[in-house]
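Worksheet: one structure, shown below.
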Amino acid sequence: MKIATYNVNGINARLPVLLRWLAEQAPDVACLQELKAMDDKFPVLAINQIGYKAIWHGQKAWNGVAILAKEGFDLEEVGRGLDGDPDDAQSRYLEARVNDILVCCLYLPNGNPAPGPKFDYKLAWMERLIEKGKQLVKLDKPVVVLGDYNVIPTNLDAYKPERWVGDALFFPETKEAYMRLLDQGWTDAIRKLYPDETIFTFWDYFRNAYARNAGIRIDHFLLNPTLAPSLVAGGVHSHVRGWEKTSDHAPVWIEIRT
DNA sequence: ATGGCATTTAAAAAATGA
């Protein structure tokens, strides 16, 4: 089974790119982030027409997450949103069962500028995710928590790491919270497959960043111990970042033995 | 240190992203 994550940066603005990528790569499951659309603006018809079911959690203008699965897969929503803050109205977490795998799609807050209230929200959100992770990691069933983490885990994950010092994606507290999550027993699937390679999933729109390969790795797959032994392959569809009217993220994928 | 670009909302310019 191939599972992908893709921060589309506006699902309606990127619909041609999204459909082209789905047709070209045909992932079995695709988790999307940054829909930037309300629920009734989600392009479900176009997605159904190319053979995918979908569930989504939208929001006006910002955020928004969705889980797509090919027709023939069993897709059932398990929940939306993280516990721990009843006042949180941002659509950033969606959980579904796809066949026997629990698929948890997230769009972790950016947190800039740091320090500040947005950074506080990011760190609080990470604490809520860590609470959730405690339960998920120990399940007997296979679990993947994937999406745009907005975390650059190590110096290996950034072109010129010194440029990211002081950024919320690379702040000591951000990396520390992410490490605490990993230490629950999660496997960073892409880093497991490529322990020493420079791999990027995001290139900003400025300064010709994609052509210079001046990127960062912030889209991650975390596998629980039940699922981790089934990992067989993975990578980044970086060529999609070179398409017209494309997102600043590229799709990332893994393959699971089922 | 700053700004470069792209999107949404909504009707010009602000907010957001990373």
Side-chain angles (χ1 to χ4, degrees), chain A residues 5-21 32-43 56-66 88-93 105-126 129 146-175 177-178 190 198-220 236 238 240-252:
Chain A
T5 182
Y6 188 16
N7 178 320
V8 292
N9 189 7
I11 191 164
N12 288 304
R14 310 296 180 208
L15 191 58
V17 165
L18 174 65
L19 297 176
R20 179 180 171 190
W21 167 69
L32 309 180
Q33 301 88 32
E34 264 204 283
L35 305 180
K36 293 180 153 183
M38 288 188 284
D39 280 340
D40 62 355
K41 295 287 197 294
F42 185 85
W56 60 94
H57 186 200
Q59 180 185 331
K60 187 174 183 177
W62 313 119
N63 310 316
V65 284
D88 186 1
Q90 301 191 20
S91 300
R92 295 182 175 275
Y93 184 87
C105 170
L106 64 80
Y107 174 44
L108 206 144
N110 173 307
N112 278 305
K118 290 189 175 178
F119 189 57
D120 294 340
Y121 174 69
K122 175 177 195 153
L123 293 180
W125 205 95
M126 294 184 83
L129 180 63
L146 72 163
D148 179 359
Y149 279 75
N150 272 317
V151 175
I152 302 168
T154 72
N155 285 1
L156 187 56
D157 300 307
Y159 172 84
K160 286 197 179 173
E162 62 273 19
R163 237 186 55 76
W164 293 92
V165 171
D167 191 286
L169 280 65
F170 201 53
F171 237 67
E173 291 95 324
T174 304
K175 291 187 277 190
Y178 182 74
I190 296 297
T198 299
I199 293 176
F200 299 142
T201 66
F202 169 94
W203 299 260
D204 73 32
Y205 290 120
F206 317 137
R207 298 179 303 267
N208 214 15
Y210 177 62
R212 297 187 299 119
N213 197 27
I216 51 179
R217 188 176 75 97
I218 56 176
D219 300 273
H220 308 303
V236 183
S238 9
V240 173
R241 179 62 182 79
W243 291 353
E244 287 295 311
K245 296 284 288 177
T246 201
S247 169
D248 38 10
H249 294 249
V252 192

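Because the structure is a prediction, the values reported are computed rather than measured. Labels below follow one simple rule: chain letters A, B, ... track the order of the sequence lines, proteins then strands, and each chain is numbered from 1.
Aromatic pair A/Y159/A/F200: ring centres not closer than 6.0 Å.
The A/H249 side chain lies nearest to B/dA18 when the options are B/dT16, B/dA18, B/dT9. Closest contact between the side chain of A/R207 and the listed nucleotides B/dT9, B/dG3, B/dA18 involves B/dG3. Picking from B/dA18, B/dT7, B/dC5 the nucleotide with the shortest atom distance to the side chain of A/F206 gives B/dC5. For A/R14, the side-chain atoms get nearest to B/dA6 when compared with the rest of B/dA6, B/dT16, B/dA18.
When the P atom is compared between B/dT7 and B/dT2, the two are found 26 Å apart, to the nearest whole Å. Comparing B/dA1 with B/dA6, their P atoms are spaced 26 Å from each other, to the whole Å. Rounded to a whole angstrom, the distance from the C1' atom of B/dT16 to that of B/dA10 is 16 Å.
Between the side chain of A/N110 and the base of B/dA18 there is at least one donor-acceptor pair of N/O atoms closer than 3.5 Å.
A/K122 has its NZ atom 15 Å from the P atom of B/dT16, to the nearest Å. Atom-to-atom, CD1 of A/I216 to P of B/dG17 comes out at 14 Å; the value is rounded to the nearest Å. Taking atom OH of A/Y205 as the reference point, atom C1' of B/dA6 lies 6 Å away to the nearest angstrom. As a whole-Å value, the separation of A/N112 CG from B/dA15 C1' is 14 Å. If you measure from atom CZ of A/R92 to atom P of B/dT16, you get 11 Å, rounded to the nearest angstrom.
Distances shown here put a side-chain N or O of A/K118 below 4.0 Å from the OP1 or OP2 atom of B/dG17.
In terms of position along DNA chain B, the nucleotide closest to A/N12 lies nearer the 5' end than the nucleotide closest to the other residue of the pair A/N12 and A/E34.
If you check the side chains of A/N9 and A/K36, you find a donor sitting under 3.5 Å from an acceptor.
Between A/Y6 and A/W21, the angle of the ring planes goes over 60°, which puts this pair in the perpendicular group of the 30/60° scheme.
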